[in-house]
Student: 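Submitted below is the structure of interest, expressed as structure tokens.
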Amino acid sequence: MGARELTLIGAGLAGSLLAVLLSQRGWKVTVYERRGDPRIKGYESGRSINLALAERGRHALRAAGVEDAVMRQAVMMRGRMIHGLDGSLQLQRYGRDDSEVIWSVHRADLNITLLEAAERAGATIHFHRRLHTVDFDAGYARLIDDRDDQPHDIRFATLIGSDGAGSALRAEMVRKAGFGERTEFLDHSYKELTIPPTADGGFRIEANALHIWPRGRYMCIALPNDEGTFTVTLFLPNQAAPGSGDPCFASVRSGAEVRALFERDFADALPLIPDLERDWEQHPPGLLGTLYLDRWHLDGRAVLLGDAAHAMVPFHGQGMNCAFEDCVALADAMDAHVGLKDAFAAFEARRKPNAAAIQAMALENYVEMRDRVDDPDFLLQRELELALQQRHPNRFVPHYTMVTFMRTPYAVALERSEIQRAILVAATRGRRDLEGLDWEALARTVHEQLPVLEGAG
Ligand code: FAD
Ligand code: 8R5
């Protein structure tokens, strides 16, 4: 083995992007991926799964030279389209104009674009290689080909774990050194359903929005795909609160029960999902949780990033965006430090507080999406938030803007959002509109409590 060799585990979103960034910097990168090559036809399950791409993710794609290729098939989402129980529709913009939007992209297409860029940059990718066990002291790892259960042993100098929420490398690092691993599962899960295109290939509902059906303790969402479909995700509690009569995964089991639920709670969506019963019965509910670790690296021998280091609940649409930001931060740390141990320590020190902040904000955004978006108090606070941004554009930057349209460190965004929330709540308490607000007093508060934010304006 020569110097500057790295072994990545997992060629998902973070692994394939990191392979590009490190190959560009002259590292000899070898990647092992459990699954087969997604470029081979017939591999895909056939379902379109899409993700919301925001500025942090776009910035990393730009660094890897693939932003334009990805954006060509992306669908713009200007805001939240709120579906009321009575079928009413309301678009709440995410930003000030069409420069502040998020983008729906296909996971499989994005992954293929990144794999191709990684190979072009010089990385070697081996498919059908699942990490099984690691001997860190001897520098050996065992990989399994799940097609024939055959083991393949490799030597390594350094392992990078981009193998996702169920990371096998993390399990091996935890087995060797502890790391204080804990997962907090949410007592809610999700199901994916599909809205097909119209007969002439068009979208059945507004294409350029992220649709939300907020229903208090649960919700449905839908993201557009460029071929005219929508992926719908229903989030429900596993068990209903006693006496609430809420739907939950324990009570909605059959196709007939899910139809009854949609008739009652999502009536406008029901006619859009022709395969509701089949979609429901074919796929098990997805689990939701937050993974916390005390450490992400084992001296210079192994480091974790992305979901392997800090899996989060999906409600801010930032899991991939954060994983991509990790890739840039790790590559930067490896540029800035001669030894990998120091580079990994610097990466961990920089990213761990930020990962913890987005994990917390993602949990909070579930309550906002399912329960607050159609509440008059919330709408008035949002109106004031925008008015204060207009008056103090480099100090009062809306929470969603800092997380989604800027690269303000997540921990800074969280801290400033808490101060801003307190200002918004205090100024709107007991009010129905912004008439007669004391704008001068508010300006003083903003100047006292919120220093100028870099990059805002
Ligand atoms: P992954 O992309 O999961 O990649 C891990 C890779 O490692 C996979 O290819 C896997 O096959 C491979 N692997 C696993 N185990 C092994 C092993 N033992 N050996 C070798 N290889 C292995 N994020 C957003 O920002 N916006 C969104 O809108 C969004 N929507 C989402 C929708 C869904 C349905 C889900 C499930 C997640 C969503 N996320 C979203 C989160 C996002 O998908 C993840 O945060 C992101 O994929 C993390 O990247 P990763 O590379 O760490 O993990
Ligand atoms: N992930 C998302 C947002 C925030 C939207 C807003 C929320 C589904 C499993 Cl739940 C969710 C967002 O605040 O108005 N942006 O992008 C993506 C989301 O869920 C994804 C599709 C998902 C994991 C299932």
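Counting starts at 1 for both ligands and their atoms, in listed order. The first residue of the sequence shown is numbered 1, and numbering continues consecutively from there.
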Student: If we set the cut-off at 4.0 Å for heavy atoms, which region of Y190 has an atom near ligand 1: side chain, backbone, both, or neither?
Tutor: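 Side chain only.
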Student: So, R372 and E368, do they make that salt bridge, N to O below 4.0 Å?
Tutor: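 No, this pair does not count.
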Student: Within the 4.0 Å heavy-atom shell around L210, which atoms of ligand 2 are there?
Tutor: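 Within the 4.0 Å cut-off of L210, ligand 2 contributes 3 (C), 5 (C), 15 (N), 16 (O).
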Student: Provide the number and element of each atom of ligand 2 under 4.0 Å from a heavy atom of T233.
Tutor: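 Here the atoms of ligand 2 in question are 8 (C), 24 (C).
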Student: Specify side chain, backbone, both or neither for L288, according to which of its non-hydrogen atoms lie closer than 4.0 Å to ligand 2.
Tutor: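 Neither; no heavy atom under 4.0 Å.
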Student: Would you mind listing which atoms of ligand 1 come within a distance below 4.0 Å of any non-hydrogen atom of Q318?
Tutor: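 Listed by number with element: 24 (C), 25 (O).
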Student: I need the atoms of ligand 2 closer than 4.0 Å to a non-hydrogen atom of Y94, numbered in the order shown.
Tutor: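 Here the atoms of ligand 2 in question are 5 (C), 6 (C), 14 (O).
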Student: Using the side chain to side chain donor-acceptor pair (under 3.5 Å) rule, take H399 and E385 through it: C-alpha gap first, then chi angles, then the decisive distance, then the call.
Tutor: CA-CA 9 Å; H399 162 78; E385 190 177 39; over 6 Å; no
Student: Return the closest protein heavy atom for atom 27 (C) of ligand 1 as residue, atom name and distance.
Tutor: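 That would be A52 N, 3.3 Å.
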Student: So if I count the atoms of ligand 1 from 1 in the order they appear, which ones are less than 4.0 Å from some heavy atom of G164?
Tutor: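 Reading through ligand 1 atom by atom, the close ones are 5 (C), 53 (O).
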Student: Does at least one non-hydrogen atom of Y366 fall below 4.0 angstrom from an atom of ligand 2?
Tutor: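 Heavy atoms of Y366 never come under 4.0 Å of ligand 2.
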Student: Record the part of S162 in heavy-atom contact with ligand 1 below 4.0 Å; permitted values are side chain, backbone, both and neither.
Tutor: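 The backbone, only.
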Student: Counting only heavy atoms, which portion of T231 has something under 4.0 Å from ligand 2: side chain, backbone, both, or neither?
Tutor: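 Under 4.0 Å from ligand 2, T231 contributes no heavy atoms.
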Student: Looking only at heavy atoms, is any part of I212 under 4.0 Å from ligand 2, and if so is it the side chain, the backbone, or both, or is it neither?
Tutor: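 It is the side chain that touches ligand 2; the backbone stays farther off.
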Student: At under 4.0 Å between heavy atoms, which part of E368 makes contact with ligand 2: side chain, backbone, both or neither?
Tutor: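 The answer is neither; E368 stays 4.0 Å or more away.
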Student: Side chain or backbone of Y190 under 4.0 Å from ligand 2, or both, or neither, by non-hydrogen atoms?
Tutor: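 The answer is the side chain.
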Student: For ligand 2, is any non-hydrogen atom under 4.0 Å from L51's backbone (N, CA, C, O), its side chain (CB onward), both, or neither?
Tutor: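 Neither part.
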Student: Mind checking whether R80 has an N or O less than 3.5 Å away from an N or O of ligand 2?
Tutor: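 In this structure, R80 places an N or O atom under 3.5 Å from an N or O of ligand 2.
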Student: Could you tell me if any non-hydrogen atom of H132 lies under 4.0 Å from any atom of ligand 1?
Tutor: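 H132: no contact with ligand 1 (<4.0 Å).
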Student: Determine whether the side chain, the backbone, both or neither of M312 has a heavy atom under 4.0 Å from any heavy atom of ligand 1.
Tutor: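 M312 to ligand 1: no contact under 4.0 Å from either part.
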Student: Considering heavy atoms of the protein only, find what lies nearest to atom 12 (C) of ligand 2 and give residue, atom and distance to 0.1 Å.
Tutor: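 Answer, as residue, atom name and distance: G317 N, 3.7 Å.
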Student: Measuring from non-hydrogen atoms of R129 to any atom of ligand 1, is the shortest distance under 4.0 Å?
Tutor: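 Within the 4.0 Å threshold, so yes.
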Student: What do the steps show when you test H152 against Y32 for ring-ring contact (aromatic ring centres under 6.0 Å, His included), and what is the final call?
Tutor: CA-CA 11 Å; H152 297 262; Y32 293 96; 9.3 Å; no
Student: If the cut-off is 4.0 Å to any non-hydrogen atom of Y400, which atoms of ligand 2 fall inside it?
Tutor: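 Atoms satisfying the 4.0 Å criterion: 13 (O).
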Student: Compare R34, R107, R56, R35 and give the one whose heavy atom is closest to atom 8 (C) of ligand 1.
Tutor: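 That would be R35.
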Student: Looking only at protein heavy atoms, identify the closest one to atom 23 (C) of ligand 2 and say how far it is in Å.
Tutor: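 I find the closest protein heavy atom is P314 CB, 3.2 Å.
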Student: Heavy atom to atom 52 (O) of ligand 1, shortest distance: which of V313, D307, L13 holds it?
Tutor: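 The option holding the nearest heavy atom is D307.
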